[in-house]
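Just so you know, these numbers use all the heavy atoms, side chains as well, and skip hydrogens, waters and symmetry mates. Residues: numbered from 1 along the sequence shown.
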Amino acid sequence: MTGATFPTVRSRRLRKTAALRSMFAENSVTMNDLIYPIFVEEEISEKVEISSMPGVHRIPEATLHEEIAAIYADGVKAIMMFGVSHHKTDDGSDSWSESGLLARMVRIAKEAAPELIVIADTCFCEYTSHSHCGVITDGHVDNDITIENLGRQAVTAARAGADMVAPSAMMDGQVSAIRAALDDAGFTVTPIMAYSSKFASSFYGPFREAAGSQLRGDRKAYQMDHLNGREALRESLLDEFEGADMLMVKPGMPYLDVLARLRERTLLPLVSYQVSGEYAMIKFAAKAGAIDEKLVVRESLGAFKRAGADLILTYFARDIANEGF
């Protein structure tokens, strides 16, 4: 630094009142930035509370229409839909059936709130009997068969009315395969939100309870090593090359370094996912009186924006809409 310093320069001048702090804030978080993940279970009549995620429930398909209408009325602008299937198979074929859970829940959501942005998670872990993200061949997830099936699933979601598809299986070439399938089916303007840097993380634990995808083993053969940063950038840039419309880093706060470095390398919109484990830690710490939940939620979301995220998936989205966190 050159030129004048203290006492001529006093940085605190721009921080002395709330009005000034607001005027000079470099980032902001609004409902336009947030995506609310929801879990929809078929063949149940009452909500199922997720014990490891206080305040989060599996929504019965039977009452989904009313729930979606209420979510939209609260001010939520976009949702990510995860199905909790009772019709699991080795290949997850229910997810690309026109009469399957994925297609049904997308149709219900768009009927209930046509202006709500409905994003379909495009993966198989919720729909396979083994809870892996694709077809198992000789004890391993078969990449090439899986990406063909991902294309089928994406087309089914688009036909049902999904505004966007979000491939999360971490298969090589999945974005290219999905883009080709969507284009061939006439869905050339359906965007792809790529889970492009998705790590094999311990922070997903509560999600597996919520989605009913309790896995034997792990997904380290296709999700990323948590120690690797350069590889994460490579994965995301490959997805951009294949035609992704936006790129996601998942989980959120433990990987802000990856998000910030990716922001320097792409002009695409970036997405961060404040995952179930992050949500649970905040909830349980607040319950114990260790932190102020509202302040910590706002601070954590601000960290995503500061690191370069344009959009944030968070289970706090409806709370923020309702209570003005």
Side-chain angles (χ1 to χ4, degrees), residues 35-45 47-48 57-69 71-72 76 78-129 131-135 145-169 171 174-175 177-195 207 210-213 245 313:
I35 301 168
Y36 184 45
I38 66 170
F39 302 94
V40 182
E41 184 168 1
E42 59 186 350
E43 300 178 10
I44 62 171
S45 57
K47 286 184 178 180
V48 177
H57 300 78
R58 295 183 187 173
I59 302 167
E61 182 187 358
T63 61
L64 180 60
H65 191 284
E66 294 80 4
E67 191 72 19
I68 291 293
I71 289 169
Y72 184 65
V76 172
I79 60 171
M80 177 78 81
M81 303 192 80
F82 298 95
V84 183
S85 175
H86 289 203
H87 296 86
K88 299 185 179 188
T89 59
D90 287 348
D91 60 1
S93 57
D94 185 72
S95 67
W96 69 76
S97 168
E98 299 290 344
S99 60
L101 174 59
L102 179 121
R104 296 196 311 270
M105 66 187 188
V106 170
R107 285 195 293 266
I108 292 169
K110 290 306 294 182
E111 181 182 299
E115 298 303 314
L116 181 69
I117 297 172
V118 174
I119 307 168
D121 178 71
T122 306
C123 194
F124 293 107
C125 57
E126 306 108 288
Y127 301 97
T128 53
S129 54
S131 293
H132 271 290
C133 298
V135 176
I145 294 175
T146 298
I147 63 174
E148 182 179 348
N149 290 344
L150 286 168
R152 294 175 180 173
Q153 187 186 129
V155 169
T156 296
R159 283 191 180 131
D163 297 290
M164 191 182 303
V165 297
S168 60
M171 297 293 116
Q174 65 181 14
V175 171
I178 289 170
R179 184 74 271 158
L182 289 170
D183 290 354
D184 287 348
F187 297 103
T188 57
V189 295
T190 299
I192 297 174
M193 175 191 287
Y195 287 67
F207 174 92
S213 58
D245 298 284
L313 283 99

Test side-chain contact (heavy atoms from CB on, under 4.5 Å) on D163 and K110 and set out the steps. CA-CA 9 Å; D163 297 290; K110 290 306 294 182; 2.9 Å; yes

Any donor and acceptor pair, going by atom type alone, linking the side chain of [X] with main-chain N or O of [Y] inside 3.5 Å?
X: R104; Y: S99; result: yes
X: Q153; Y: C123; result: yes
X: S129; Y: K88; result: no
X: T122; Y: A120; result: yes
X: N149; Y: G134; result: no

Qualifying residue, where the test is side-chain contact (heavy atoms from CB on, under 4.5 Å) with L150 and the options are V155, V165, V175, I178: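 Of V155, V165, V175, I178, side-chain contact (heavy atoms from CB on, under 4.5 Å) with L150 is met by I178 alone.
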
Any non-hydrogen side-chain atom of [X] less than 4.5 Å from a side-chain atom of [Y]?
X: D245; Y: M164; result: no
X: H132; Y: T146; result: no
X: V106; Y: T156; result: no

Straight-line distance of [X] [atom1] to [Y] [atom2], nearest 0.5 Å:
X: H65; Y: E111; atom1: NE2; atom2: CD; value: 4.5 Å
X: E126; Y: L101; atom1: CD; atom2: CG; value: 9.0 Å
X: L313; Y: M80; atom1: CG; atom2: CE; value: 4.5 Å
X: H86; Y: E41; atom1: NE2; atom2: CD; value: 3.5 Å
X: C125; Y: F207; atom1: SG; atom2: CZ; value: 5.5 Å
X: Q174; Y: I192; atom1: CD; atom2: CD1; value: 9.0 Å

Using the rule given for side-chain contact (heavy atoms from CB on, under 4.5 Å), can you reason through M193 versus I35, listing the C-alpha separation, both sets of side-chain angles and the distance that settles it, and then say yes or no? CA-CA 12 Å; M193 175 191 287; I35 301 168; 3.7 Å; yes

Nearest heavy-atom pair of [X] and [Y]: which atoms, and what distance?
X: D94; Y: S85; result: OD2-OG, 4.2 Å
X: V118; Y: A109; result: CG2-CB, 3.9 Å
X: E61; Y: V40; result: CA-CG1, 4.0 Å

For Y36 and L116: C-alpha separation, side-chain torsions, deciding distance, then whether side-chain contact (heavy atoms from CB on, under 4.5 Å) applies. CA-CA 11 Å; Y36 184 45; L116 181 69; over 6 Å; no

Pick out which of F39, F124, Y127 makes a ring-ring contact (aromatic ring centres under 6.0 Å, His included) with F82.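 With F82 as partner, ring-ring contact (aromatic ring centres under 6.0 Å, His included) holds for just one option, F39.
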
